Amino acid sequence: ASTWNALIAMSVEHGCAKQALEYLQKMQNEGIKPTAVSFVCALKACLSLNDLEEGQKVHTQIAKVGMDSDLYIGNTLIDMYGKKGCLMDAFAVFEMMQKRDVVTWTALISRLVHHGLELDSLVLFEQMRQQGMKPNQITFGCILKACANLPALEQGKQVHALVIEQDLELDWYVASALIDMYSNCGTLDRACVIFERLPHKSVVTWNALLAGYVQHDLGLKVLQAFRHLEQEGIEPD
RNA sequence: GGCGUAUAU
């Protein structure tokens with residue numbers, strides 16, 4: 001099965017999703033049982049083909065062989081249904097899962113935010129923490145985006161406090177989310193403080209700051225910052 | 001044990 005899985009995974013990775021699904025079928029025709037890895041890759045293939053129906057078929061197959069308790073499969077199903085806008089299905093999978101990890105929670109939170117359900121994402125984030133699940137950089141990125149979209153400065157500040165608790169304020173990914181959140185909440189000064197504190201600035205954090213200036217119609221600041229960025233030898237993208 | 005899942009502009 002691992003040989004087949006390698007074929008399936010490679011096909012998906014190289015954008016040959018159709019072929020990946022063919023391999024899944026072929027391995028079964030040859031009497032080889034797909035593993036959790038096969039199914040995760042197949043679901044990913046369905047998502048990249050934008051084929052929800054095929055994804056549902058794979059889901060049914062997964063349920064038949066009793067593999068829907070696999071953590072990775074559950075997480076991938078949440079992602080697939082969420083990205084197809086089937087939030088109810090994503091939530092149903094979430095509810096059914098026996099074990100959840102930080103990816104499970106983050107995947108659902110991420111989809112809620114993308115669908116304009118920022119308030120629900122905040123509730124879910126709170127539940128996650130109450131159950132003792134520690135958010136990671138990606139979780140913080142998503143939840144800060146929720147605060148930025150609303151915008152919700154007070155909630156954003158509370159999340160910021162948690163970021164500091166976990167010593168993630170200097171993480172480039174979290175930092176750019178903080179910058180984005182503060183500038184979106186109309187507090188560009190706070191965004192600048194985060195930026196200034198960063199010892200290693202990357203194109204991502206610079207972009208977040210530039211976007212803030214643009215949003216606040218500070219054209220001159222944008223140009224100044226851009227020149228500064230070039231002086232530091234950072235490649236704009 | 002490894003491989004497969006969430007992630008900004």
Side-chain angles (χ1 to χ4, degrees), chain A residues 1-14 17 20 23-24 27 34-48 55 58-59 62 67-83 87 90 93-94 97 99-115 121 124-125 128 133-149 163 168 171-184 191 194-195 201-215 222 225-226 229 234-237:
Chain A
S2 53
T3 310
W4 286 101
N5 285 348
L7 281 173
I8 296 172
M10 270 187 54
S11 305
V12 179
E13 204 175 328
H14 290 113
Y23 281 134
L24 180 73
M27 81 187 280
T35 67
V37 174
S38 332
F39 285 127
V40 167
C41 295
L43 289 171
K44 228 180 133 179
C46 297
L47 184 62
S48 72
V58 176
H59 186 178
I62 289 167
M67 269 205 243
D68 37 5
S69 57
D70 181 272
L71 187 58
Y72 274 50
I73 287 183
N75 292 348
T76 310
L77 282 169
I78 290 175
D79 182 53
M80 181 189 76
Y81 283 129
K83 283 181 178 158
L87 291 179
V93 171
F94 178 85
M97 288 174 74
K99 286 191 176 177
R100 296 170 190 153
D101 66 1
V102 63
V103 175
T104 316
W105 289 91
T106 306
L108 192 54
I109 286 172
S110 161
R111 291 348 292 173
L112 291 177
V113 176
H114 277 274
H115 283 87
S121 78
L124 204 62
F125 181 69
M128 169 185 185
M133 187 63 69
K134 207 168 142 189
N136 64 14
Q137 289 95 320
I138 300 175
T139 321
F140 281 125
C142 294
I143 210 66
L144 285 168
K145 187 164 178 49
C147 298
N149 288 350
V163 166
L168 289 173
D171 178 277
W172 65 267
Y173 181 73
V174 176
S176 68
L178 281 169
I179 291 170
D180 183 52
M181 183 275 291
Y182 278 127
S183 72
N184 251 291
I194 303 286
F195 183 81
K201 307 182 184 358
S202 73
V203 66
V204 179
T205 43
W206 272 106
N207 283 348
L209 187 73
L210 288 172
Y213 284 149
V214 171
Q215 208 157 29
V222 174
F226 192 81
L229 173 158
I234 291 175
E235 276 293 317
D237 66 3

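Protein chains get the first letters and strands the later ones, always in sequence-line order, with residue 1 at the start of each. These figures come from a predicted structure and were not determined experimentally.
Nucleotide B:rU9 holds its P atom 4 Å from the NZ atom of A:K145, rounded to whole Å. Summarising the geometry, the separation between CG on A:L210 and C1' on B:rU9 is reported as 10 Å, rounded to the nearest angstrom. Here the P atom of nucleotide B:rG4 and the CG atom of A:D68 are 22 Å apart, to the nearest Å. Whole-Å rounding puts the A:D70 CG to B:rC3 C1' distance at 13 Å. Summarising the geometry, the separation between CG on A:N5 and P on B:rG4 is reported as 11 Å, rounded to the nearest angstrom. Following rounding to the nearest Å, A:L71 (CG) and B:rA6 (P) show an atom-to-atom distance of 13 Å. In this entry the distance linking NZ of A:K134 with P of B:rA6 reads 22 Å, nearest Å. Between the CD atom of A:Q215 and the C1' atom of B:rU9 there is a distance of 12 Å, rounded to whole Å.
Aromatic rings from A:W206 and A:F226 are positioned such that their centres are separated by 6.0 Å or more. The distance between the ring centers of A:W105 and A:F125 does not fall below 6.0 angstrom.
Contact annotation for A:D180: no contact, since no heavy-atom pair falls under 4.0 Å across all strands. Nucleic acid contact class of A:A36 (heavy atoms, under 4.0 Å, all strands): base. The residue A:N207 sits close to a base: some heavy atom pair falls under 4.0 Å. A:T76 comes within 4.0 angstrom of sugar-phosphate atoms only, judged by non-hydrogen atoms across all strands, and of no base. A:S110 comes within contact range of the sugar-phosphate backbone alone, with a heavy-atom separation under 4.0 Å but no base atom that close.
Closest contact between the side chain of A:K83 and the listed nucleotides B:rU9, B:rG4, B:rA6 involves B:rA6. The A:V103 side chain lies nearest to B:rA6 when the options are B:rC3, B:rA6, B:rU9. Listed nucleotides: B:rA6, B:rU9, B:rG4. Nearest to the side chain of A:C41: B:rG4.
Checking the phosphate oxygens (OP1, OP2) of B:rG4, no side-chain nitrogen or oxygen of A:K44 falls inside 4.0 Å.
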Please table the atom pairs, donor to acceptor, closer than 3.5 Å between any side-chain atom in residues 136-145 of chain A and protein atoms at least two apart or in another chain.
| residue | atom | partner | partner atom | Å |
| --- | --- | --- | --- | --- |
| A:N136 | OD1 | A:I138 | N | 3.0 |
| A:N136 | OD1 | A:T139 | N | 3.0 |
| A:N136 | OD1 | A:T139 | OG1 | 2.8 |
| A:Q137 | NE2 | A:D171 | OD2 | 3.4 |
| A:T139 | OG1 | A:T106 | OG1 | 2.8 |
| A:T139 | OG1 | A:N136 | N | 3.1 |

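Using modelled atom types, one finds no donor on one side chain facing an acceptor on the other under 3.5 Å when comparing A:N5 with A:S2.
Qualifying ring pair (Phe, Tyr, Trp, His ring centres under 6.0 Å) partners for A:W4, counting only residues two or more places apart in sequence or in other chains: none.
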